[in-house]
Amino acid sequence: MAHDVSPADLIQLKPHQFTAILTDLGGATSHTAIIARGLNTPCVVGLHRARQILHENDTLIVDGERGVVIVNPDKQVLAEYKLRQDQWELERKKLKGLKTKRAITLEGTRIELHANIEMPGDLPDVKENAAAGVGLFRSEFLFLNRDELPDEEEQFEAYRTVAEGMHGLPVTIRTFDLGADKQLKGVQRVASNPALGLRAIRLCLSEPLLFRTQLRALLRASHYGNVKILVPMLSGAMEINQTLQAVAAAQQSLDNEGIPYNRETPIGGMIEIPSAALALGAFTRKLDFVSIGTNDLIQYTLAIDRTDEEVAHLYDPLHPAVLHLLAQVIGGANKAGIPVSVCGEMAGEVAYTRLLLGLGLRQFSMHPAQLFSVKQRVLTTSLADASTLAHKILRADDPMKIRELLDKLNAG
Ligand code: PEP
Ligand code: MG
């Protein structure tokens, strides 16, 4: 239990066993919460004054699914939760039976279900849950909790390990997204508004040597597997051009040294700023694929800091503005013939699987632990029905109506 835990601190606790994690601060799509999901540990963030209210030796029920903590429950509540826990474990066991099943809809359309990872050490989880690829490797975690930055060799080894470990399946590695809630050790300057500051590709373009080192390592790893490079936080054509120039320069330097790499390595962009969604044409014309980061896209569209518990209740994936941007990007990319995926937390939430399928999405990337639940939902989905209801949802603007239609979409 803590006032706050940074993503960098939490990742260090990965090898340890926890019963649950509680924090006063934070939002459900903050990187701290995302990592907790990766630990398969119940976690409730944004509890405000929990540390003052709770005492040593209190008995707690931590319901991470609903974001609820029950303090000193009576026997009846405890018994009910024990039952729920047993049912949950039984359900997880049953879902494991889907391991060898292909993810296809009722019509037989193949859906790609990929995994999000933070470290090469997450690969066993990816395999255990039969992901069809790594859809998002958040490479910045290699840079945290250390005094010296990883050099080209160390990065190359990490990327190659994942590329080889996936045996030809796609591995999408994101260039580092540092600068907001994930800072390099020793960085003193804290931007007045880090989420809007020198983050991700902005930081990369302002630190060309750091970027070049990573691009060279990524390109070198492309020789050993099916590597794709994904660039976070692009806002439009100018940054795309600068990024592609940086890639070309890294390729040239490898050519000069005779180092092999895949010349066709696909370069993709994350759609996570509203400007990117609205100016999608620049992305589909210049890049090989796009991946929608709903965590940030929602944050920036609704002007809600995803790490701030004070406004967490306003964070709404079903806001009509968000849904229209999603529909526009998925539809636009499909029309342009460019692969599109969703790799934000929405992709791993079963409640949104059919909605996204109905909007035309065919590729999802999520935490490995969520893959079987989403696969189960895919297996029982009719794309035709999902499309009809998803488009009805798009035409609705009343939140109650949207939820009612979503329930209908998810029924059965
Ligand atoms: C996102 O923004 O949805 C995303 C996948 O990236 P991150 O959560 O690392 O910001
Ligand atoms: Mg993001």
Side-chain angles (χ1 to χ4, degrees), residues 6-8 10-11 26-38 43 45 113-119 122 131 133-144 171-183 193-204 214 228-235 239 268-277 283 289-308 312 315-319 322-323 325-326 329-330 340-349 352 356 361 363-368 370 374:
S6 73
L10 194 55
I11 200 92
T29 60
S30 66
H31 285 102
T32 300
I34 288 172
I35 294 164
R37 249 166 241 138
C43 172
V45 297
L113 301 182
H114 291 194
N116 292 354
I117 64 168
E118 278 97 40
M119 290 284 188
D122 296 333
V134 169
L136 174 66
F137 176 178
R138 289 181 164 101
S139 70
E140 60 273 13
F141 282 93
L142 296 171
F143 291 69
L144 302 179
V171 171
T172 304
I173 307 176
R174 178 171 78 180
T175 57
F176 62 79
D177 181 354
L178 293 163
D181 57 346
K182 288 167 291 190
Q183 293 284 2
N193 197 336
L196 301 181
L198 197 62
R199 179 189 163 185
I201 189 62
R202 303 166 180 188
L203 181 61
C204 288
Q214 182 169 41
K228 300 168 196 247
I229 299 176
L230 177 63
V231 183
M233 285 280 287
L234 289 165
S235 63
E239 282 168 345
M270 289 196 67
I271 306 293
E272 50 184 352
I273 303 182
S275 64
F283 288 72
F289 67 100
V290 291
S291 187
I292 308 174
T294 48
N295 306 334
D296 279 315
L297 186 62
I298 297 169
Q299 150 165 276
Y300 295 125
T301 302
L302 302 182
I304 290 157
D305 184 339
R306 63 195 260 206
T307 66
D308 185 349
Y315 193 93
D316 182 11
L318 294 177
H319 190 293
V322 172
L323 295 179
L325 288 178
L326 283 173
V329 175
I330 296 168
V340 53
S341 72
V342 169
C343 62
E345 295 302 283
M346 253 185 115
E349 285 206 37
Y352 303 130
L356 292 170
L361 191 73
Q363 193 179 317
F364 298 64
S365 193
M366 66 202 78
H367 188 271
Q370 291 148 330
V374 171

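One-based numbering, in listed order, for ligands and for the atoms of each.
Considering backbone and side-chain atoms alike, Asp296 places an N or O below 3.5 Å from some N or O of ligand 1. Looking at ligand 1, you won't find any N or O of Glu345 less than 3.5 Å from one of its N or O atoms.
For the pair Thr29 (side chain) and Asn295 (backbone), a donor-acceptor distance under 3.5 Å is absent. Of the possible polar contacts, one joining the Gln299 side chain to the Arg306 backbone as a donor-acceptor pair under 3.5 Å is found. Of the possible donor and acceptor atoms, one in the side chain of Ser30 sits under 3.5 Å from a partner among the backbone N and O of Gly27.
The Mg ion (ligand 2) has no N, O or S atom of Asp177 under 2.8 Å away, backbone or side chain.
The contact set between ligand 1 and Arg138, taken as ligand atoms under 4.0 Å from a residue heavy atom, comprises 4 (C), 5 (C), 6 (O), 7 (P), 8 (O), 9 (O). The ligand atoms of ligand 1 that sit less than 4.0 angstrom from a heavy atom of Cys343 are 5 (C). Proximity to Leu136 (heavy-atom distance under 4.0 Å) selects the following atoms of ligand 1: 5 (C). The contact set between ligand 1 and Arg199, taken as ligand atoms under 4.0 Å from a residue heavy atom, comprises 10 (O). If you number the atoms of ligand 1 from 1 as listed, the ones under 4.0 Å from a heavy atom of Met270 come out as 4 (C), 5 (C), 6 (O).
Contact check on Arg202 versus Asp177 returns no salt bridge, with no Lys/Arg side-chain nitrogen under 4.0 Å from an Asp/Glu carboxylate oxygen.
Side-chain atoms of Gln214 and Ser139 form a donor-acceptor pair, as typed in the model, at a separation below 3.5 Å. Residues Ser341 and Ser291 bring a donor and an acceptor atom of their side chains to less than 3.5 Å of each other.
Here the angle at the Mg ion (ligand 2) defined by OE1 in Glu272 and OD2 in Asp296 stands at 100°, rounded to 10 degrees.
Contact annotation for Ile292 and ligand 1: no heavy atom of the residue comes within less than 4.0 Å of the ligand.
Heavy-atom separations between Met366 and ligand 1 are all 4.0 Å or longer. A heavy-atom separation below 4.0 Å is found between Ile34 and ligand 1. Heavy atoms of Arg174 approach ligand 1 to within less than 4.0 angstrom.
Scanning the protein for heavy atoms near atom 8 (O) of ligand 1, the closest one is Arg306 NH2, 2.7 Å.
Residues Ile330 and Ile292 meet the side-chain proximity criterion, which asks for heavy atoms closer than 4.5 Å. In this structure the side chain of Leu297 reaches within 4.5 angstrom of the side chain of Pro274, judged on heavy atoms.
Val134 pairs in a side chain to side chain contact (heavy atoms under 4.5 Å, CB included) with only one of the listed residues (Val171, Asn116, Thr172, Ile173), which is Val171.
Closest to atom 7 (P) of ligand 1 by heavy atom, among Met346, Glu118, His31, is His31.
Closest heavy-atom contact between Glu140 and Thr175: OE1-O, 4.4 Å.
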